[in-house]
Amino acid sequence: MKIASFNINGVKARIGALTEWLDEAQPDVALLQEIKSVDEGFPRELFEDRGYNVETHGQKGFNGVAILSKLPLEDVRRGLPGDDSDEQARWIEATVVGDSHAVRLCGLYLPNGNPAPGPKYDYKLAWMERLEARARALLADEMPALMAGDYNVIPQAEDAANPKAWEEDALYLPQTRAAFRRILNLGFTEAFRARTQGPGHYSFWDYQAGAWNKNNGIRIDHFLLSPACADLMTHCEIDKEVRAREKPSDHVPIWVTLAA
DNA sequence: ATGCCTGGCGATGCCAGA
């Protein structure tokens with residue numbers, strides 16, 4: 001089972017890039033972030049025509065997440081628990097049943113948090129506390145589970161081409177990285193780092209200042225796997241070349257395969 | 001030190017992104 005995550009930076013602006021990638025990468029499941037669309041405006045037929053079931057959790061203008069899946073999506077839940085007043089669409093989860101295992105799939109778009117300090121950074125840290133609580137509950141369920149998406153977290157210096165430039169940034173502040181580590185330390189495996197070590201691996205390049213041409217990137221899109229899910233992982237890769245195409249997102253897809 | 005580029009909204013520049 002191939003499961004991909006992709007921050008597409010606007011589904012309507014990315015119809016060409018998104019369908020081209022889907023047709024060639026052929027993921028069984030795609031977790032999408034930043035659809036920037038309300039549910040009624042999501043071009044679901046485009047994906048249904050390709051054999052995908054579609055579940056969205058959108059809002060007007062910003063944010064928004066979706067799941068495309070060739071397998072039926074069961075027990076779909078929208079919104080990260082823990083704050084009923086939070087109106088930002090950043091979390092969706094569902095269960096898929098593979099040949100040998102059912103897997104709980106969570107798609108997330110973690111808040112950016114800039115500028116820090118400030119209310120946006122407070123919201124980011126509070127959101128990460130709620131994420132930790134949900135992560136604990138997923139472990140307690142014992143079903144193989146993963147949480148994938150745009151974490152807006154640079155975990156280590158090696159995950160940025162120029163880490164010095166990020167020292168005051170909400171993506172890399174010590175408190176941000178500590179909150180990310182607390183979730184890993186519950187027992188989650190960061191899929192990419194379980195397979196690939198060393199610097200030079202990125203998932204985002206800014207549109208500005210020639211970041212792509214200079215390979216001035218950061219690695220902020222991640223898959224976190226529960227122990228039962230990590231046991232099933234066979235591959236984890238980043239589709240870097242997607243960033244060089246026409247009218248690209250500023251993020252590229254990351255994917256895992258599971259023996260599920 | 002700041003903007004660089006892009007999408008969305010909606011009609012004009014501004015906000016948000018990272």
Side-chain angles (χ1 to χ4, degrees), chain A residues 5-21 32-43 46 56-66 86-91 107-128 131 148-177 179-180 200-222 238 240 242-254:
Chain A
S5 167
F6 193 1
N7 179 323
I8 56 174
N9 188 20
V11 68
K12 295 176 194 73
R14 216 63 64 206
I15 282 171
L18 183 53
T19 54
E20 183 185 6
W21 166 74
L32 305 179
Q33 301 92 42
E34 279 208 271
I35 64 174
K36 295 187 177 181
S37 168
V38 293
D39 295 334
E40 312 82 70
F42 192 84
L46 213 55
T56 61
H57 180 40
Q59 69 178 90
K60 188 176 180 179
F62 305 103
N63 307 323
V65 288
D86 184 1
E87 295 182 347
Q88 299 192 30
R90 297 179 175 276
W91 179 270
L108 67 101
Y109 176 42
L110 204 149
N112 174 301
N114 281 303
K120 291 190 174 184
Y121 193 55
D122 295 341
Y123 174 67
K124 178 175 194 156
L125 293 178
W127 204 95
M128 293 183 83
L131 177 60
D150 177 359
Y151 277 76
N152 273 316
V153 174
I154 302 167
Q156 307 264 21
E158 66 183 1
D159 298 312
N162 182 12
K164 283 255 180 263
W166 298 93
E167 280 180 350
E168 307 300 319
D169 195 283
L171 279 64
Y172 189 60
L173 282 171
Q175 270 185 284
T176 304
R177 292 189 278 153
F180 184 72
H201 302 284
Y202 312 125
S203 67
F204 170 91
W205 294 260
D206 202 297
Y207 290 121
Q208 302 183 67
W212 168 247
N213 288 327
K214 297 176 193 165
N215 196 25
N216 181 15
I218 51 178
R219 196 176 67 88
I220 56 175
D221 298 85
H222 309 299
I238 296 173
K240 177 179 184 178
V242 170
R243 185 64 176 79
R245 296 182 182 173
E246 283 297 308
K247 211 165 154 42
S249 170
D250 39 9
H251 295 251
V252 295
I254 171 173

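These numbers come from the heavy atoms of this one structure, side chains and all, not from hydrogens, waters or symmetry mates. Please read these numbers as outputs of a predicted model, since none were measured by experiment.
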Undergrad: Should A:K247 be listed as having a side-chain N or O under 4.0 Å from OP1 or OP2 of B:dG7?
TA: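 True: A:K247 side-chain N/O within range (under 4.0 Å) of B:dG7 OP1/OP2.
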Undergrad: CG/A:N63 to OG/A:S37 distance, rounded to the nearest 0.5 angstrom?
TA: 12.0 Å
Undergrad: Only one of A:D159, A:I220, A:N215 forms a side chain to side chain contact (heavy atoms under 4.5 Å, CB included) with A:Y202, so which one is it?
TA: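 Single pass found, and it is A:N215.
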Undergrad: For the pair made of CZ in A:R14 and C1' in B:dG8, what is the distance, rounded to whole Å?
TA: 12 Å
Undergrad: Going by salt bridge (Lys or Arg N to Asp or Glu O under 4.0 Å), name the pairs with one or both residues in residues 200-214 of chain A, residues two or more places apart or in two chains.
TA: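 Qualifying pairs: none.
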Undergrad: How is A:K124 classified with respect to the nucleic acid when contacts are heavy atoms under 4.0 Å: base, sugar-phosphate, or nothing?
TA: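 It contacts nothing in the nucleic acid.
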Undergrad: Residues in ring pair (Phe, Tyr, Trp, His ring centres under 6.0 Å) with A:F42, at least two apart?
TA: A:F47
Undergrad: Could you write out each protein N or O paired with an N or O of nucleotides 14-18 of chain B at a distance under 3.5 Å?
TA:
{"from": "B:dA18", "atom 1": "OP1", "to": "A:E34", "atom 2": "OE1", "distance (Å)": "3.1"}
{"from": "B:dA18", "atom 1": "OP1", "to": "A:D150", "atom 2": "OD2", "distance (Å)": "3.2"}
{"from": "B:dA18", "atom 1": "OP1", "to": "A:H251", "atom 2": "NE2", "distance (Å)": "3.4"}
{"from": "B:dA18", "atom 1": "OP2", "to": "A:Y109", "atom 2": "OH", "distance (Å)": "3.1"}
{"from": "B:dA18", "atom 1": "OP2", "to": "A:N152", "atom 2": "OD1", "distance (Å)": "3.4"}
{"from": "B:dA18", "atom 1": "OP2", "to": "A:N152", "atom 2": "ND2", "distance (Å)": "3.0"}
{"from": "B:dA18", "atom 1": "N9", "to": "A:N112", "atom 2": "ND2", "distance (Å)": "3.3"}
{"from": "B:dA18", "atom 1": "N7", "to": "A:N112", "atom 2": "ND2", "distance (Å)": "2.9"}

Undergrad: Between B:dA11 and B:dA1, how far is it from one P atom to the other, in whole Å?
TA: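 Comparing P positions in B:dA11 and B:dA1 gives a spacing of 38 Å.
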Undergrad: Search all heavy atoms of A:F6 against all heavy atoms of A:W21 and return the closest pair with its distance.
TA: CD2-CE3, 3.7 Å
Undergrad: Between B:dC5 atom P and A:N216 atom CG, what is the distance in whole Å?
TA: 15 Å
Undergrad: Measure the distance from CH2 on A:W212 to P on B:dT6 and round it to the nearest whole Å.
TA: 15 Å
Undergrad: Below 30° counts as parallel, above 60° as perpendicular, anything between as tilted: where do the rings of A:F180 and A:H222 land?
TA: tilted
Undergrad: Please report the distance separating the P of B:dT2 from the corresponding atom of B:dG13, rounded so that it comes out in whole Å.
TA: 24 Å
Undergrad: Between B:dT12 and B:dG7, how far is it from one C1' atom to the other, in whole Å?
TA: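 Going atom to atom, C1' in each nucleotide, I get 16 Å.
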Undergrad: Tell me what A:A13 touches on the nucleic acid: a base, only sugar-phosphate, or nothing, going by heavy atoms under 4.0 Å.
TA: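 Touches sugar-phosphate only.
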Undergrad: Taking the P atom of each, how far is B:dG10 from B:dT6, in whole Å?
TA: 23 Å
